[in-house]
Number of protein chains: 2
Amino acid sequence: MKRTVLIFASLIVALLCLFQLSKYSYSSGDTSIEIIIAVIAIVFFFIGVYINQRSSKKRITRDNEEVDQGKIEELGLSKREYEVLVQVSKGLSNKEIANTLFVSESTIKTHVSNLLIKLDAKRRTQAIRRAKILRILPE
Amino acid sequence: MKRTVLIFASLIVALLCLFQLSKYSYSSGDTSIEIIIAVIAIVFFFIGVYINQRSSKKRITRDNEEVDQGKIEELGLSKREYEVLVQVSKGLSNKEIANTLFVSESTIKTHVSNLLIKLDAKRRTQAIRRAKILRILPE
DNA sequence: TCTCTTTTGGTACTTTAGTATGAACAAATT
DNA sequence: AATTTGTTCATACTAAAGTACCAAAAGAGA
């Protein structure tokens, strides 16, 4: 938001500068009005392109990286369960997850079972699917 | 590409129209040159925004939906193997895949085993992971 | 025609995954 | 203090998943 204000402020300043430039050129008479208008058109065209590129980049980043924390709570997933879900989505086995989280495989099995119920999935692959659709997983 | 040419052509036409308008306004003297320039600036600014929005939308769609056919060949995945991979990524079991593709479960197991080797994965969940990273799967 | 790849399918086996159930313990809530 | 919730772990079991090997049939290409 602050950036948008700054950009618009500098746009107005640029516009005023162009006014002065056009007046000067007109009075001196060595530059035709058509060229001035063309330059202004081109400059503002590219300003529009540039500003839009910045905002669209932000949009892409937001959509792809942000995780919907609300839906995690909505599903009733606990912190640990979500951690396990992330590891599952990385393609790790229960034993591997147990090692990375420093708990036993039994614990992971319990978490996965609860995960499947809460995500309404029969298999871990289905859980991954649903989690990605619900925008619960990163990337 | 064709659209880009069309857009630029209409841009030039618009520019010429504005030239004529500015000449008329100047000779009649009832509109100041500043206002004309301001209008042109604003119009071309929004033209820039509009064009960039169109192209950025295309970019988003391309990045998310297009599948890298080259990498599939590179990995040596056959048509059927790729079909199975897609079903696996949807969270289906071997039996379910067998039913949707009208073959036996043994066949699916063979395909999956070959898939895992070609994708350098130990589990189907890992295969899904790698496939998504390689941009082989849709969405 | 012969060869190679793909697709299909089987058997037998091992390994993961997932279910059911019970239980201990800590932390937060009522 | 009593209850609920989350995390931990175990046992015993069933169900998938995956491996290893083999083999037949179809299609494409040399």
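Everything numeric here is computed off the predicted structure, so don't read it as measured data.
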Answer yes or no: does a side-chain N or O of A/Ser113 lie under 4.0 Å from OP1 or OP2 of C/dG18?
no
Taking atom P of C/dA17 as reference, at what distance in whole Å does atom CD of B/Gln126 sit?
11 Å
Within this structure, what is the CG-to-C1' distance between A/Asn114 and C/dG18, rounded to whole angstrom?
12 Å
Between the side chains of B/Asn94 and B/Arg124, is a donor N or O closer than 3.5 angstrom to an acceptor N or O?
yes
Length of the line joining B/Lys79:NZ and D/dA26:P, which is rounded to integer Å:
18 Å
Tell me which residues in residues 80-109 of chain A put a heavy atom below 4.0 Å from DNA chain C, sorted by number, or none.
A/Ser93, A/Asn94, A/Lys109
For B/Glu74 and B/Lys71, what are the C-alpha separation, side-chain angles and deciding distance, and is it a salt bridge (charged side-chain N to carboxylate O under 4.0 Å, His left out)?
CA-CA 5 Å; B/Glu74 205 178 294; B/Lys71 271 183 192 143; over 6 Å; no
Residues at least two apart in sequence or cross-chain that pass side chain to side chain contact (heavy atoms under 4.5 Å, CB included) with A/Glu96, listed by chain then number, are A/Leu92, A/Ser93, B/Arg123
Are B/Ser113 and B/Thr110 close enough, and set up right, to give a side-chain hydrogen bond (donor to acceptor under 3.5 Å, both in side chains), and what steps lead you there?
CA-CA 5 Å; B/Ser113 279; B/Thr110 308; over 6 Å; no
Heavy-atom side-chain proximity of A/Lys109 to A/Glu105 below 4.5 angstrom
yes
Whole angstrom value for the distance that separates P of D/dT19 from NZ of B/Lys122
11 Å
Would you check if A/Ile72 and A/Leu134 make a side-chain contact, meaning some heavy-atom pair closer than 4.5 Å?
no
Between B/His111 and C/dT7, is there a side-chain N or O to OP1/OP2 distance below 4.0 Å?
no
Phosphate oxygens OP1/OP2 of D/dT7: is one of them under 4.0 Å from a side-chain N or O of A/Ser78?
yes
Under a 4.5 Å cut-off applied to non-hydrogen side-chain atoms, are B/Gln126 and B/Leu116 in contact?
no
What is the separation between atom CD on A/Glu73 and atom P on D/dG6, rounded to the nearest whole Å?
12 Å
Kindly say whether A/Leu137 contributes a backbone atom to a donor-acceptor pair with the side chain of A/Tyr82 at under 3.5 angstrom?
no
Based on Watson-Crick and G-U pairs with both distances under 3.5 Å, what dot-bracket line describes DNA chain C 5' to 3', crossing pairs as [ ] and inter-strand pairs as |?
||||||||||||||||||||||||||||||
Would you say that A/Ile97 contacts A/Val103 through its side chain, given a criterion of any heavy-atom pair below 4.5 Å between the two side chains?
no
Expressed as a whole number of angstroms, how long is the span from B/Leu116:CG to C/dT14:C1'?
15 Å
Please check the phosphate of C/dA17 (OP1 and OP2 only) for any side-chain N or O of A/Arg123 closer than 4.0 Å.
no
